[in-house]
K.L.:
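I'd like to ask you about the structure that follows.
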There are 2 protein chains.
Amino acid sequence: MKKQSYSCGLDAAVDVIGGKWKALILWALHDGSRRFGELRRAVPGISEKMLILQLREMEHYGLVRREVYHQVPPKVEYSLTDFGQSLNAALIPLGEWGEKHMKTIEAIPAA
Amino acid sequence: MKKQSYSCGLDAAVDVIGGKWKALILWALHDGSRRFGELRRAVPGISEKMLILQLREMEHYGLVRREVYHQVPPKVEYSLTDFGQSLNAALIPLGEWGEKHMKTIEAIPAA
DNA sequence: TCCGATACTGAAAAAAAGGTAAGTACCTGA
DNA sequence: TCAGGTACTTACCTTTTTTTCAGTATCGGA
């Protein structure tokens, strides 16, 4: 999930949001901070394991900020950093493209 | 590489350009048609197998057009369809984001 | 005292993706 | 006759990614 050098900007960007879930998590965070459990519900189908794994990676990349509230029961809030927000903004056209062509894409047989 | 339904447009788009190579191939085709061998050289590090696999998938999705010239030695040209071009356009901001932050991304340790 | 909620962690297995290397067919030119 | 170029195909193997599922700690409330 990490190359040493990139052939172009898109290459680098794909490396960062690569995988099945990161883009969706980023998206789910676009309107403010969310707790772990909220995110799990916001990203349908994701397992707890994957959610944490991806969040940790995104935190490592500086896309996401993690804030722990020492309470019981525990509370952890995730939010986008400026870097994360800039990436999210760059993803908007792609999201719109997908929205526009979703019908077409869904109609394509899997095999 | 194909879900039944998508939770949002980005979800669908990521499904379409998912994987290590599709975005790069799309990119390599943005300025006109290319032959198989040209593409292989244009996308550094890709194996012939992966290139064909991805091209076939993209053809299947209607992103790429394949034209065979019955000559010897054989000649096959790949180019973007309008659909492919629209996707490519949606990827431009992402490419620019990657370009802009490439230094930052490269500086992040892999582990 | 036991249950539930929260946010995780770890091991193991399954599935998907990618890599390597060899082989195919065809004609051309040496 | 034989190597060379093109565009693949096939089989096999390794790596990476994702899933599954059980388990941890804490405290409040029934």
Side-chain angles (χ1 to χ4, degrees), chain A residues 1-4 6-7 11 14-26 28-29 33-61 64-79 109-111, chain B residues 1-4 6-7 11 14-26 28-29 33-61 64-79 109-111:
Chain A
M1 180 105 313
K2 193 67 172 39
K3 295 183 188 172
Q4 317 73 359
Y6 299 104
S7 56
D11 194 7
V14 165
D15 211 13
V16 171
I17 51 145
K20 198 169 171 179
W21 302 111
K22 292 212 191 68
L24 297 176
I25 297 172
L26 219 59
L29 285 171
S33 63
R34 295 262 185 120
R35 299 183 56 172
F36 180 81
E38 289 178 310
L39 276 177
R40 188 181 2 133
R41 286 185 288 275
V43 182
I46 197 169
S47 65
E48 298 196 335
K49 172 94 185 259
M50 269 300 116
L51 183 52
I52 288 172
L53 231 74
Q54 303 301 310
L55 282 170
R56 290 283 144 84
E57 237 179 279
M58 290 161 81
E59 198 191 346
H60 178 72
Y61 273 84
V64 159
R65 188 183 302 115
R66 179 170 180 268
E67 286 168 286
V68 183
Y69 297 78
H70 291 288
Q71 311 172 347
V72 168
K75 173 176 167 182
V76 181
E77 281 203 337
Y78 293 91
S79 55
Chain B
M1 180 102 316
K2 191 70 169 43
K3 294 183 191 172
Q4 316 76 357
Y6 299 104
S7 56
D11 194 5
V14 164
D15 211 12
V16 171
I17 51 144
K20 198 169 170 181
W21 303 111
K22 291 212 191 66
L24 296 177
I25 296 173
L26 220 59
L29 285 171
S33 64
R34 294 264 183 121
R35 300 183 57 172
F36 179 80
E38 288 179 310
L39 277 176
R40 190 183 356 137
R41 286 184 290 275
V43 183
I46 196 169
S47 66
E48 297 196 335
K49 169 175 166 185
M50 271 300 117
L51 183 51
I52 289 171
L53 232 75
Q54 303 301 311
L55 282 170
R56 289 283 144 85
E57 235 180 280
M58 291 162 81
E59 197 191 345
H60 179 73
Y61 273 85
V64 159
R65 190 183 301 118
R66 180 169 179 268
E67 286 168 287
V68 182
Y69 296 78
H70 291 287
Q71 311 173 345
V72 169
K75 174 176 165 182
V76 181
E77 282 203 336
Y78 294 92
S79 54

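We name chains A, B, ... by the order of the sequence lines, and we start the count at 1 in each one. Side chains included, hydrogens not; waters and symmetry mates left out as well; all remaining heavy atoms used.
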K.L.:
Check the distance between D:dC8's P and B:Glu59's CD and give it to me in whole angstrom.
P.N.:
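Answer to the nearest Å: 9 Å.
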K.L.:
To the nearest Å, how far apart are B:Arg40 CZ and D:dT6 C1'?
P.N.:
9 Å
K.L.:
Can you find a pair of side-chain heavy atoms, one from A:Ile46 and one from A:Leu24, that are under 4.5 Å apart?
P.N.:
no
K.L.:
Just how far, in rounded Å, is P of D:dC8 from CD of B:Gln54?
P.N.:
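Roughly 15 Å, once rounded to whole Å.
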K.L.:
What is the distance from CG of B:Leu55 to P of D:dC8, rounded to the nearest Å?
P.N.:
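Taking CG of B:Leu55 and P of D:dC8, I get 8 Å after rounding.
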K.L.:
Rounded to whole angstroms, how far apart are CG on A:Leu53 and C1' on D:dT17?
P.N.:
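The distance from CG of A:Leu53 to C1' of D:dT17 comes to 10 Å, rounded to the nearest Å.
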K.L.:
Taking NZ from A:Lys75 and P from C:dC8, how many angstroms apart are they, rounded to a whole number?
P.N.:
13 Å
K.L.:
Taking the side chain of A:Glu48 as its heavy atoms from C-beta onward, which of D:dT19, C:dC8, C:dG18 lies nearest to it?
P.N.:
C:dC8
K.L.:
Is the distance from OP1 or OP2 of D:dT26 to the nearest side-chain N or O of A:Tyr69 less than 4.0 Å?
P.N.:
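Looking at the OP1 and OP2 atoms of D:dT26, neither is under 4.0 Å from any side-chain N or O of A:Tyr69.
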K.L.:
When you measure from the side chain of A:Pro74, which nucleotide among C:dT6, D:dA7, C:dC8 comes out closest?
P.N.:
C:dT6
K.L.:
How would you label the contact of A:Arg66 with the nucleic acid (heavy atoms, under 4.0 Å): base, sugar-phosphate, or nothing?
P.N.:
sugar-phosphate
K.L.:
Using the side-chain contact (heavy atoms from CB on, under 4.5 Å) rule, take A:Ile25 and A:Val64 through it: C-alpha gap first, then chi angles, then the decisive distance, then the call.
P.N.:
CA-CA 10 Å; A:Ile25 297 172; A:Val64 159; 5.6 Å; no
K.L.:
Report the distance from atom NE2 of B:His70 to atom P of C:dA25, rounded to the nearest whole Å.
P.N.:
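Interatomic distance, NE2 of B:His70 to P of C:dA25: 17 Å.
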K.L.:
Measure from the side-chain heavy atoms of A:Arg56 and tell me the nearest of D:dT19, D:dT9, C:dT9.
P.N.:
C:dT9
K.L.:
Picking from D:dT18, D:dT6, C:dA7, which would you name as closest to the side chain of B:Arg35?
P.N.:
D:dT6
K.L.:
Apply side-chain contact (heavy atoms from CB on, under 4.5 Å) to B:Arg40 and list each qualifying residue two or more places apart in sequence or on a separate chain.
P.N.:
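Once residues adjacent in sequence are excluded, the partners of B:Arg40 under the side-chain contact (heavy atoms from CB on, under 4.5 Å) criterion are B:Phe36, B:Glu48, B:Leu51.
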K.L.:
Ignoring the backbone of A:Lys20, work out which of D:dC8, D:dT6, D:dT18 is nearest its side chain.
P.N.:
D:dT18
K.L.:
Measure from the side chain of B:Pro73, starting at C-beta and using heavy atoms only, and say which of C:dC8, D:dT6, D:dT20 lies closest.
P.N.:
D:dT6
K.L.:
A:Ile52 CD1 to D:dT19 C1': how many Å, rounded?
P.N.:
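Taking atom C1' of D:dT19 as the reference, CD1 of A:Ile52 is at 14 Å.
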K.L.:
Side chain of B:Met50 only, please: which of D:dG5, C:dG18, D:dA7 is the nearest?
P.N.:
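From the listed options, C:dG18 comes nearest.
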K.L.:
Please determine whether a side-chain nitrogen of the Lys or Arg among B:Lys22 and B:Glu57 lies less than 4.0 Å from a carboxylate oxygen of the Asp or Glu.
P.N.:
yes
K.L.:
Between B:Arg66 and B:Tyr78, is there a side-chain donor-acceptor contact under 3.5 Å, judged purely by atom types and distance?
P.N.:
yes
K.L.:
Starting the side chain at C-beta, find the nucleotide from D:dC8, C:dG18, C:dC8 nearest to A:Phe36.
P.N.:
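Among D:dC8, C:dG18, C:dC8, the one nearest the side chain of A:Phe36 is C:dC8.
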K.L.:
Of all the nucleotides listed (C:dA12, D:dT18, D:dA7), which has the minimum atom distance to the side chain of A:Lys49?
P.N.:
C:dA12
